[in-house]
Amino acid sequence: MPIDPTLLDDLEWRGLIAHSTDLDALREALAGGSVRFYVGFDPTAPSLHMGNLVQILTAKRLQDAGHTPYALVGGATGMIGDPKESGERSLNSLDTVKEWVERVRRQIEPFLSFEGENAATMVNNYDWTASLSTIDFLRDVGKHFPVNRMLSREVVRSRLEAGISYTEFSYVLLQSMDFLNLFRDHGVTLQFGGSDQWGNLTGGVELIRRSDGGKAHAFATPLVTKADGTKYGKTEGGALWLDPEMMSPYAFYQFWLNVEDEKVGELLRIFTFLPRAEIEELEAQHAEKPFLRAAQRALAEHVTTLVHGAEETERIKAASAALFGGGDLAALSAATLGAALREAGSTRIDGDEEIPPVVDLLVATGLAKSKGEARRTITEGGAYLNNVRVEDPDAVPAADQLLDGTWIVLRRGKKNFAGVEVH
RNA sequence: GGCAGGUUGCCCGAGCGGCCAAUGGGAGCGGACUGUAAAUCCGUCGGCUUUGCCUACGAAGGUUCGAAUCCUUCACCUGCCA
């Protein structure tokens with residue numbers, strides 16, 4: 001596989017390098033042949049999310065340019081948990097971590113190629129950490145970590161007041177040891193990760209230098225935030241999961257479609273493989289006619305295709321067009337309507353019974369968390385049945401309101417749709 | 001181990017015997033305006049069989065006609081001293 005010499009320039013243009021060790025040295029190394037690199041994923045949840053996707057796609061970019069990936073799942077580091085500013089993590093059980101390791105592994109695999117000269121390798125740091133003795137750990141690894149330096153790290157400093165356990169404080173040693181092991185056993189000389197990992201990345205580079213006198217590189221990708229600096233998905237309804245069980249592909253697509261104008265260019269560069277010229281063209285179009293949201297549409301389509309596949313994306317686009325088309329829902333064919341609602345999320349109810357009140361349907365479809373909330377939504381004028389506002393909190397759908405004799409389209413607010421299928 | 005302070009709804013944070021499902025801010029949700037955007041404004045924001053009832057202010061007891069508010073014990077957190 002030939003090496004793509006433009007890789008680093010492309011990464012820089014995409015804004016994917018927020019921090020790095022000596023960039024010129026890295027450029028030289030990348031030009032010199034297939035560089036073995038690694039990126040780690042800790043199993044802190046049953047699914048990876050948008051932040052991890054940046055790493056996965058960056059790994060793919062490197063592999064596509066001829067370099068050799070080692071994707072690491074943190075069976076060991078996931079048992080410990082890296083320190084975060086908000087406070088101490090609660091430890092997960094070994095069984096939980098093992099299960100999540102498997103799930104994370106399966107999520108990463110489709111993005112990388114495990115064939116050819118620069119085939120990817122999956123590794124688990126549990127393999128070389130579990131059997132390590134405390135004495136060896138303290139002598140061989142701990143000796144290279146000055147506590148005064150560790151204390152000066154931003155995350156650690158921020159925790160000194162509220163408190164930080166020795167467990168989390170030690171995390172950086174484990175991750176650094178991973179890099180050293182991969183360096184020794186596999187010739188891995190590059191690690192990258194999120195910018196919040198910068199301390200852990202440089203920890204590994206230093207350990208390799210101090211312990212083996214070796215030369216290794218690291219860079220950090222930027223933290224993707226909203227225009228106001230807050231994290232995506234942090235506040236509204238949880239993280240943006242890649243697992244379709246945890247976040248429906250439809251909701252995933254809708255998220256990207258609704259991205260703020262200010263961010264769409266940045267996100268296109270980070271999350272799509274569209275070439276530079278195409279992205280710049282989209283940005284120009286968007287600047288001129290933002291209301292068409294061509295850039296958001298491209299973004300949503302590309303990212304959803306990457307994560308959930310082209311077929312699913314087509315179904316979602318059709319569903320979105322049907323639901324947001326603004327046309328008469330009754331004019332849609334039964335097949336189109338049913339398909340759209342199944343994408344958006346639908347609930348079946350038994351048609352032998354009477355149709356339940358709208359309030360109950362809002363709860364049953366998940367549009368409202370409780371009957372109180374459902375009732376409130378109606379009072380506030382935010383509930384719609386077949387795109388007609390529901391005025392009465394006690395409203396009950398009539399039999400003749402079933403579209404094609406089967407479907408009820410419920411909407412909460414401007415863009416939350418759900419179907420009810422009456423059987 | 002000693003002393004002091006703290007633990008309130010998703011988060012921060014008031015309340016310090018009845019008028020408290022609990023001020024205020026943030027987040028969320030709905031409406032208006034738009035472009036399924038941002039900003040702004042308005043409303044809303046524990047649950048239910050909803051003019052009332054139930055559950056809630058770290059946990060368990062107690063005082064009282066009545067407690068988030070007072071007392072006791074326990075748990076946890078923070079600071080100072082050992």
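The figures here come from the full heavy-atom set of this structure, side chains too, leaving out hydrogens, waters and symmetry mates. Numbered from 1 within each chain, the chains take letters A, B, ... in sequence-line order.
Applying the ring pair (Phe, Tyr, Trp, His ring centres under 6.0 Å) rule to F179(A) yields the partners Y38(A); only residues at least two apart in sequence or on another chain are considered. Here W198(A) pairs with H19(A) under the ring pair (Phe, Tyr, Trp, His ring centres under 6.0 Å) rule; sequence neighbours left out. Residues passing the salt bridge (Lys or Arg N to Asp or Glu O under 4.0 Å) test with K371(A), sequence neighbours excluded: D360(A). In terms of the side chain to side chain donor-acceptor pair (under 3.5 Å) criterion, residue partners of H49(A) (sequence neighbours excluded) are, by chain and number, N52(A). Here D9(A) pairs with R27(A) under the salt bridge (Lys or Arg N to Asp or Glu O under 4.0 Å) rule; sequence neighbours left out. Take A284(A) and apply the side-chain contact (heavy atoms from CB on, under 4.5 Å) test, not counting sequence neighbours, and it matches no residue. In this structure, the salt bridge (Lys or Arg N to Asp or Glu O under 4.0 Å) partners of E421(A), at least two apart in sequence or on a different chain, are R342(A), R348(A).
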Contacts under 3.5 Å, N or O only, protein and nucleotides 21-26 of chain B:
none

Set out, line by line, the N/O atom pairs under 3.5 Å between protein and nucleotides 38-43 of chain B.
{"residue": "rG43(B)", "atom": "N2", "partner": "E380(A)", "partner atom": "OE2", "Å": "3.3"}

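In terms of modelled atom types and a separation under 3.5 Å, the side chain of R375(A) and the main chain of P393(A) share no donor-acceptor contact.
Counting to the nearest Å, the C1' atom of rC29(B) and the CG atom of L367(A) are 12 Å from each other.
A donor and an acceptor atom, one from each side chain of W407(A) and N386(A), are nowhere located under 3.5 Å apart. Checked by atom type, the side-chain pair S47(A)/Q107(A) shows a donor-acceptor distance below 3.5 Å.
Of the residues in residues 284-296 of chain A, P290(A), F291(A), R293(A), Q296(A) come within less than 4.0 Å of RNA chain B through at least one heavy atom, sorted by number.
Residues T377(A) and V363(A) each lie close to RNA chain B; by heavy-atom proximity, the contact nearer the 5' end of the strand is made by T377(A). Both K371(A) and Y384(A) lie close to RNA chain B; mapped to their nearest nucleotides by heavy-atom distance, the more 5′-ward contact belongs to Y384(A).
Residues in residues 51-81 of chain A take part in these ring pair (Phe, Tyr, Trp, His ring centres under 6.0 Å) pairs, two or more places apart or across chains: Y70(A)-H186(A).
Taking the charged nitrogens against the carboxylate oxygens, R106(A) and E109(A) have no contact shorter than 4.0 Å, which rules out a salt bridge.
Contact annotation: R375(A) side-chain N/O to rG30(B) OP1/OP2 distance is not under 4.0 Å. Contact annotation: R389(A) side-chain N/O to rA32(B) OP1/OP2 distance is under 4.0 Å. N416(A) has no side-chain polar atom (N or O) that falls below the 4.0 Å cut-off from OP1 or OP2 of rC29(B).
Base contact: G372(A) has a heavy atom under 4.0 Å from a base atom. Within the 4.0 angstrom heavy-atom criterion, base atoms lie near S320(A).
Of the options K317(A), R315(A), E311(A), a side chain to side chain contact (heavy atoms under 4.5 Å, CB included) to T313(A) is made by K317(A) and by none of the others. Tested against V188(A) for a side chain to side chain contact (heavy atoms under 4.5 Å, CB included), the candidates V35(A), T68(A), L182(A), V123(A) yield a single pass: L182(A).
Residue K414(A) places a side-chain atom within donor-acceptor reach of the base of rU34(B), judged by atom type and a 3.5 Å distance cut-off alone.
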Dot-bracket line, read 5' to 3' along RNA chain B, where crossing pairs take [ ] and | marks a partner on another strand, Watson-Crick or G-U under 3.5 Å: ((((((((.[[[..)..(.....]]].(((((.......))))).(((...)))...[[[[[..)....]]]]]))))))).
